[in-house]
There are 2 protein chains.
Amino acid sequence: MRISKKTQYGLRAMIHIAKNGKKSLKEIAKAENISVDFLEKILKDLQSNGLLVSKKGSSGGYSLARKPEKIYAGEIVETLEGIVPVECEGCQMARICSSKNIWDDVKDSLQETLYSKTLKDLIK
Amino acid sequence: MRISKKTQYGLRAMIHIAKNGKKSLKEIAKAENISVDFLEKILKDLQSNGLLVSKKGSSGGYSLARKPEKIYAGEIVETLEGIVPVECEGCQMARICSSKNIWDDVKDSLQETLYSKTLKDLIK
DNA sequence: CTCATAACCGACTTGATTAGTCGGTTTTAA
DNA sequence: TTAAAACCGACTAATCAAGTCGGTTATGAG
């Protein structure tokens, strides 16, 4: 049960942009001490999943696709690594499986926690 | 955010023993359709962490170290893969980090969910 | 117009972790 | 005494996480 660096970096980058407005990849990478090349892929993911908008060329950069109070931590985690802890689809035993319940509970509580916080909550 | 096969198998094995009493490795592996060799290591882990007791020789096998109502799902997960989602120890920024809070929340809700269910709850 | 800047894109590498295998040893009770 | 069972350590294959690299495309400032 651990959160990948990718997700950790992604959240930090989103928070950085929420706090400072439009920023370039380089600026974010430097401020947050993250590898530029790695962060690039992360920001691309966030962009193609509708959490960031990007602008090419000089004076370009990344900015939030929505207001901070409309972006949920859960969306970031879901984009960068997913929240489903156990894949029961396809398992024949799923109907009668005694352990399925608890994995469903874990998923629910994870969702609950991650969707109860927006970027606005986090930058305070 | 996913639960390893090791943990999934471990929980299923614990449930199997809770339902059926003392069982041998082979019996559990067959009933739960898990590789014998892999399950062996899992049961060893559960034994050395005080969740199972084992008996060698003929008519040996594994049984619960405590009553099912005294064994928490969280103990099983903690033994087989750990619950801490993000390691902030050693990070210089931890004091002022805006994202630390949410990872703490995730950890708390995970603990809450996993320690609110005992094996007894699960076998019903 | 052009050029520096910045995002886009795909392929590749490296190391760690997961999931599993295998061969042999020790203990126990029927 | 012997079959059944747990114990033990080393090994392997596949997958994934994390990071690197080289080049392409778009854009606005000068």
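Naming convention: chains lettered A, B, ... in sequence-line order (proteins, then strands); numbering from 1 in each chain.
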Worksheet item: So how far is it from B/Cys97 SG to B/Gln92 CD, rounded to the nearest 0.5 Å?
Response: 12.5 Å

Worksheet, complete the sentence: From the candidates C/dC22, D/dA17, D/dT25, the one with an atom nearest any side-chain atom of B/Asp37 is C/dC22

Worksheet item: Are OP1 or OP2 of C/dC8 and a side-chain N or O of A/Tyr62 less than 4.0 angstrom apart?
Response: yes

Practice prompt. Assess whether side-chain contact (heavy atoms from CB on, under 4.5 Å) is satisfied between A/Leu11 and A/Leu122, documenting all intermediate values.
Written response: CA-CA 10 Å; A/Leu11 180 64; A/Leu122 293 178; 3.9 Å; yes

Worksheet item: Hey, which of these two, A/Thr7 or B/Gly61, hits DNA chain D nearer its 5' end, going by closest nucleotide?
Response: B/Gly61

Practice prompt. Quickly work out the A/Ile34 CD1 to D/dT20 P distance and round it to whole Å.
Written response: 12 Å

Item to complete: Decide whether B/Tyr72 and B/Glu78 meet the rule of one side-chain donor and one side-chain acceptor closer than 3.5 Å.
Response: no

Worksheet item: Closest to the B/Lys56 side chain: D/dT20, D/dA6, C/dA19?
Response: D/dA6

Item to complete: Considering just the side-chain nitrogens and oxygens of B/Ser35, establish if one lies under 4.0 Å of OP1 or OP2 belonging to C/dT21.
Response: yes

Worksheet item: Separation of A/Leu80 atom CG from D/dA17 atom C1', in whole Å?
Response: 13 Å

Item to complete: Rounded off to whole Å, could you give me the CZ-to-C1' distance for the A/Phe38 and D/dA17 pair?
Response: 7 Å

Worksheet item: For the pair made of CD in B/Glu87 and P in C/dT17, what is the distance, rounded to whole Å?
Response: 12 Å

Worksheet item: Across the strands shown, which category fits B/Gln47 at heavy-atom distances under 4.0 angstrom: base, sugar-phosphate, nothing?
Response: sugar-phosphate

Practice prompt. Carefully, step by step, assess A/Lys19 and B/Ser98 under the rule side-chain contact (heavy atoms from CB on, under 4.5 Å).
Written response: CA-CA 11 Å; A/Lys19 279 181 176 165; B/Ser98 304; 2.8 Å; yes

Item to complete: Establish whether the base of C/dG20 is bridged to the side chain of B/Lys5 by a donor-acceptor pair shorter than 3.5 Å.
Response: no

Worksheet item: Contacts to DNA chain C from residues 10-29 of chain B, heavy-atom cutoff under 4.0 Å, which residues?
Response: none

Worksheet entry | Rounded distance (Å) that lies between atom P of C/dT17 and atom CD of B/Glu81 | 13 Å

Discussion item. If you compare every side-chain N and O of A/Ser59 against the phosphate oxygens of D/dA29 (OP1, OP2), does one of them come in below 4.0 Å?
Written reply: yes

Discussion item. So, does B/Tyr9 get its side chain near the phosphate of C/dG20, meaning an N or O under 4.0 Å from OP1 or OP2?
Written reply: yes

Worksheet entry | Side-chain N,O (A/Lys41) to OP1/OP2 (C/dC8) below 4.0 Å | no

Fill in: Candidate pair B/Lys70 and B/Leu119, rule side-chain contact (heavy atoms from CB on, under 4.5 Å), full reasoning
CA-CA 8 Å; B/Lys70 294 286 183 188; B/Leu119 274 185; over 6 Å; no

Worksheet item: Think A/Lys55 has a side-chain N or O under 4.0 angstrom from the OP1 or OP2 of C/dA6?
Response: no

Discussion item. Just N and O in the side chain of A/Ser54: are any of them under 4.0 Å from OP1 or OP2 of C/dA6?
Written reply: no

Fill in: Among D/dC7, D/dA29, C/dT21, the nucleotide that comes nearest once only the side chain of A/Ser58 is considered
D/dA29

Worksheet item: Rounded to the Å, how far apart are A/Glu40 CD and D/dA18 P?
Response: 18 Å

Worksheet item: Has B/Arg2 got a side-chain N or O lying under 4.0 Å from the OP1 or OP2 atom of C/dA19?
Response: yes

Discussion item. The criterion is ring pair (Phe, Tyr, Trp, His ring centres under 6.0 Å); which residues satisfy it with A/Tyr9, sequence neighbours excluded?
Written reply: A/Phe38

Discussion item. Main chain of B/Thr118, side chain of B/Glu69: is a donor-acceptor contact present, judged purely on distance under 3.5 Å?
Written reply: no

Practice prompt. Check the distance between D/dG9's P and B/Asp45's CG and give it to me in whole angstrom.
Written response: 13 Å

Practice prompt. Decide whether A/Ile15 and B/Met93 are clustered together by the hydrophobic rule: side chain heavy atoms of Ile, Leu, Val, Met, Phe, Trp, Tyr closer than 4.5 Å, transitively.
Written response: no

Worksheet item: Rounded to the nearest Å, what distance is computed from the NZ atom of residue B/Lys6 to the P atom of nucleotide D/dA14?
Response: 21 Å

